S.K.: 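The structure that follows is given in the form of structure tokens.
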Amino acid sequence: MNFDQQKAQKIWQTVCLILAGKVSSYGLVADLAGLPGRARMVGRVLQHAPSEMQLPWHRVLRSNGQIAFAPGSDSARRQIELLRLEGVEVCRNRVKMKRYGWLPQLDELLQMKF
DNA sequence: GTATTGACAGACG
DNA sequence: GCGTCTGCCAATA
């Protein structure tokens with residue numbers, strides 16, 4: 001069993017828990033996935049994640065609520081569009097974390113942990 | 001084994 | 001809110 005795969009699984013699970021219309025940050029996802037300080041690894045895993053999973057990667061932003069991709073980039077525009085479709089207002093490659101910030105629910109975390 | 005890069009985070013100004 | 005610097009960890013060259 002590859003532990004690496006397990007970490008990735010945990011990350012994917014955590015990202016999948018993010019509700020529509022809400023956004024989270026890499027650091028938070030990494031923390032919830034049991035990888036404190038490994039926010040970069042989250043990004044790498046997400047990019048390496050299979051499309052079959054339909055992972056809501058677009059709901060994962062920086063800690064400041066800014067889009068991780070470069071402004072005007074294809075991926076960035078796609079992410080922004082997806083977020084807007086879910087009701088998340090994106091302004092200048094940035095979302096209002098104060099309003100759309102997602103806080104993990106204990107029930108969901110508990111459910112995924114065991 | 002060292003240097004560079006990356007879908008990052010936090011502190012400072 | 002924005003740019004810069006430092007710290008962190010993993011993958012890549």
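So that the names make sense, note that chain A is the first sequence line, chain B the second, and so on, each numbered from 1. Everything quoted here is computed from the prediction, not taken from an experiment.
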S.K.: Please tell me which of R44(A) and R40(A) maps to the more 5' nucleotide of DNA chain C, matching each residue to the nucleotide holding its nearest heavy atom.
M.R.: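 Checking each residue's closest nucleotide, the 5'-ward one belongs to R40(A).
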
S.K.: Any side-chain heavy atom of R94(A) within less than 4.5 Å of one from N64(A)?
M.R.: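 When only atoms from C-beta onward are counted, N64(A) and R94(A) do touch, with a gap below 4.5 Å.
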
S.K.: Taking atom P of dA9(B) as reference, at what distance in whole Å does atom CG of L28(A) sit?
M.R.: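 One finds 10 Å between P of dA9(B) and CG of L28(A), rounded.
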
S.K.: From CG of L32(A) over to P of dA9(B), roughly how many Å is that when rounded to an integer?
M.R.: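 From L32(A) CG to dA9(B) P: 13 Å.
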
S.K.: Does anything in residues 89-100 of chain A reach DNA chain C, meaning a heavy atom under 4.0 Å, and if so which residues?
M.R.: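 Those residues whose heavy atoms fall under 4.0 Å from DNA chain C, taken from residues 89-100 of chain A in numerical order, are R92(A), R94(A).
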
S.K.: Can you tell me how far C1' of dG7(C) sits from CZ of R38(A), to the nearest Å?
M.R.: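 From R38(A) CZ to dG7(C) C1': 13 Å.
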
S.K.: What's the shortest heavy-atom distance between A70(A) and N93(A), and which atoms?
M.R.: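 Minimum heavy-atom separation between A70(A) and N93(A): C-ND2, 4.2 Å.
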
S.K.: To the nearest 0.5 Å, what is the distance between CZ on R59(A) and OG on S25(A)?
M.R.: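 Result: 15.0 Å between the selected atoms.
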
S.K.: Any salt bridge (charged side-chain N to carboxylate O under 4.0 Å, His left out) involving residues 95-104 of chain A? Give me the pairs, sequence neighbours left out, ordered by first then second residue.
M.R.: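 Found E89(A)-K96(A).
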
S.K.: Do L82(A) and P56(A) have side chains that get closer than 4.5 Å, going by heavy atoms?
M.R.: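 No, side chains not in contact.
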
S.K.: So, for M97(A) and V23(A), which heavy atoms are closest and what is the spacing to 0.1 Å?
M.R.: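 That closest heavy-atom pairing would be SD-CG2, 3.5 Å.
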
S.K.: In whole Å, what is the span from the CD atom of Q47(A) to the C1' atom of dT5(B)?
M.R.: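 The answer, rounded to whole Å, is 13 Å.
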
S.K.: Determine whether R77(A) and F69(A) make a side-chain contact, defined as any pair of heavy atoms from C-beta on separated by less than 4.5 Å.
M.R.: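 Sidechains of F69(A) and R77(A): no contact.
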
S.K.: What residues in residues 56-84 of chain A put a non-hydrogen atom under 4.0 Å from any atom of DNA chain C?
M.R.: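 Of all residues in residues 56-84 of chain A, none places a heavy atom under 4.0 Å from DNA chain C.
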
S.K.: Nearest 0.5 Å, what's the CG-CG distance between L83(A) and L61(A)?
M.R.: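 The distance works out to 6.0 Å.
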
S.K.: Kindly indicate whether the side chain of K7(A), heavy atoms from C-beta on, has any atom under 4.5 Å from the side chain of L35(A).
M.R.: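 Heavy-atom side-chain distance check passes, below 4.5 Å.
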
S.K.: Whole Å only: how far is the CG atom of D31(A) from the C1' atom of dG10(B)?
M.R.: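 It works out to 15 Å between those atoms.
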
S.K.: Tell me the interatomic distance from H48(A), atom NE2, to dT12(C), atom C1', rounded to whole angstroms.
M.R.: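 Going from H48(A) (NE2) to dT12(C) (C1'), I get 13 Å.
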
S.K.: Take the protein atom OH of Y26(A) and the nucleotide atom P of dA10(C), then report the distance between them rounded to whole Å.
M.R.: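 Value for this atom pair: 18 Å.
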
